[in-house]
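Throughout, residue positions are numbered sequentially from 1 according to the sequence presented. For clarity, every value in this text was computed on a predicted model and none was experimentally measured.
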Amino acid sequence: MEKIRQKIFDWFLRHQSPRQVVMYPWKDIRSIVILHEGLEVEHIAQQLRREGKEVVVWALPEKKDICWFTAKPKKEILDSLQSRHYDMLIDLTQQTGITMQYMAMHVKAGFKTGREIDKKLYDLSITTPAQSTPDFLYQQIVKYIQMFTQG
């Protein structure tokens, strides 16, 4: 079943509409959406808010809100993810579950970043050790964004 789900996701990923990639200097990023699958990330969101950034946090939906056949979140969740545009998506998920990949694919963001998963899902993919924490991934993302944009 997992192979079928992956093939369906890959088809959706290949057929999504092209988007304009915009990479702002870290200091100019105003709105961020964070995805995670239930690990503690609220301290990261609070730190970003203290920096003056608007932060929205999304966790893995409950099973009742996920289509059993495709593992895709239900329409209401995807519509909510697409209801506004963010400067950046930071995907801090540790696992490579298809549900979270669908969510990352549907978020409207100028720049998308997360853990390397062998998909063309992010504009910046970070390779981390398997046992690394969301904090480590977040620190790596900030480091590379600042390095690439000199800010």
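- When all heavy atoms are compared, the tightest approach of Tyr24 to Asp28 is CB-CB, 4.3 Å.
- With Arg30 contributing its side chain and Lys27 its backbone, the two residues share a donor-acceptor pair below 3.5 Å.
- Here the CD atom belonging to Glu116 is positioned 9.5 Å from the CD1 atom belonging to Ile126, to the nearest 0.5 angstrom.
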Practice item. Please report the C-alpha distance between Asp10 and Gln6 in whole Å, then the side-chain angles of each, then the deciding distance to 0.1 Å, and finally whether the side chain to side chain donor-acceptor pair (under 3.5 Å) criterion is met. Key: CA-CA 6 Å; Asp10 291 344; Gln6 193 61 58; 3.1 Å; yes
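- One finds the CD atom of Gln82 at 8.5 Å from the NZ atom of Lys75 (value rounded to the nearest 0.5 Å).
- With a 4.5 Å cut-off on side-chain heavy atoms, Pro73 and Asp65 do not count as touching.
- Note that NZ of Lys53 and CD of Gln47 are 10.5 Å apart. Values are rounded to the nearest 0.5 Å.
- Shown here for Phe111 and Val22, the closest heavy-atom pair between the two residues is CB-O, 3.3 Å.
- Of all the heavy atoms in Arg84 and Ser31, the pair that sits closest is NH2-CB, 3.6 Å.
- With Lys112 contributing its side chain and Val107 its backbone, the two residues share a donor-acceptor pair below 3.5 Å.
- Cluster annotation: Leu124 and Met105 are assigned to distinct hydrophobic clusters (Ile/Leu/Val/Met/Phe/Trp/Tyr, side-chain heavy-atom contacts under 4.5 Å, transitive).
- Closest of all the heavy-atom pairs between Ala104 and Leu121 is CB-CD2, 4.0 Å.
- Using a 4.5 Å heavy-atom threshold, the side chains of Trp11 and Lys7 count as separate.
- With respect to Glu42 and Arg49, a salt bridge is recorded, a charged nitrogen being found less than 4.0 Å from a carboxylate O.
- Between atom CG of residue Leu89 and atom OG1 of residue Thr113 there is a gap of 8.0 Å, rounded to the nearest 0.5 Å.
- For the pair Tyr102/Ile66, no side-chain contact is recorded, criterion being any heavy-atom separation below 4.5 Å from C-beta on.
- Closest heavy-atom contact between Leu39 and Pro134: CD1-CG, 3.8 Å.
- Side-chain contact between Phe12 and Gln101 is absent, with no heavy-atom pair separated by less than 4.5 Å.
- Once rounded to the nearest 0.5 Å, the distance linking CG of Asp91 with OH of Tyr122 reads 3.0 Å.
- For the pair Trp26 and Met88, the minimum side-chain heavy-atom distance is below 4.5 Å.
- Here the closest heavy-atom approach between residue Thr99 and residue Pro61 is recorded as CG2-CD, 3.9 Å.
- Annotation: cation-pi geometry not satisfied between Arg5 and Phe9 (NZ/CZ under 6.0 angstrom from ring centroid, within 45° of ring axis).
- From Ile32, atom CD1 reaches atom CD1 of Ile90 across 4.5 Å, with rounding to the nearest 0.5 Å.
- Under a hydrophobic-cluster definition in which Ile, Leu, Val, Met, Phe, Trp and Tyr are linked whenever side-chain heavy atoms come within less than 4.5 Å, directly or via other members, Trp58 and Val55 are assigned to different clusters.
- Other residues, nucleotides and ligands contribute only 12 or fewer heavy atoms inside 6.0 Å of the CD atom of Glu62.
- In terms of hydrophobic clustering, with Ile, Leu, Val, Met, Phe, Trp and Tyr side chains grouped at heavy-atom distances under 4.5 Å, Leu137 and Ile34 are assigned to a common cluster.
- Across Met103, Glu37, His36, a single residue satisfies side-chain contact (heavy atoms from CB on, under 4.5 Å) together with Leu60, and that is Glu37.
- In this structure the side chain of Ile98 reaches within 4.5 angstrom of the side chain of Glu2, judged on heavy atoms.
- In this structure a side-chain-to-backbone donor-acceptor pair under 3.5 Å is missing from Ser80 to Ile77.
- At a threshold of 4.5 Å between non-hydrogen side-chain atoms, the residues Met1 and Phe69 count as touching.
- Cluster annotation: Phe148 and Ile141 are assigned to the same hydrophobic cluster (Ile/Leu/Val/Met/Phe/Trp/Tyr, side-chain heavy-atom contacts under 4.5 Å, transitive).
- At a threshold of 4.5 Å between side-chain heavy atoms, the hydrophobic network of Ile, Leu, Val, Met, Phe, Trp and Tyr places Tyr86 and Val21 in two separate groups.
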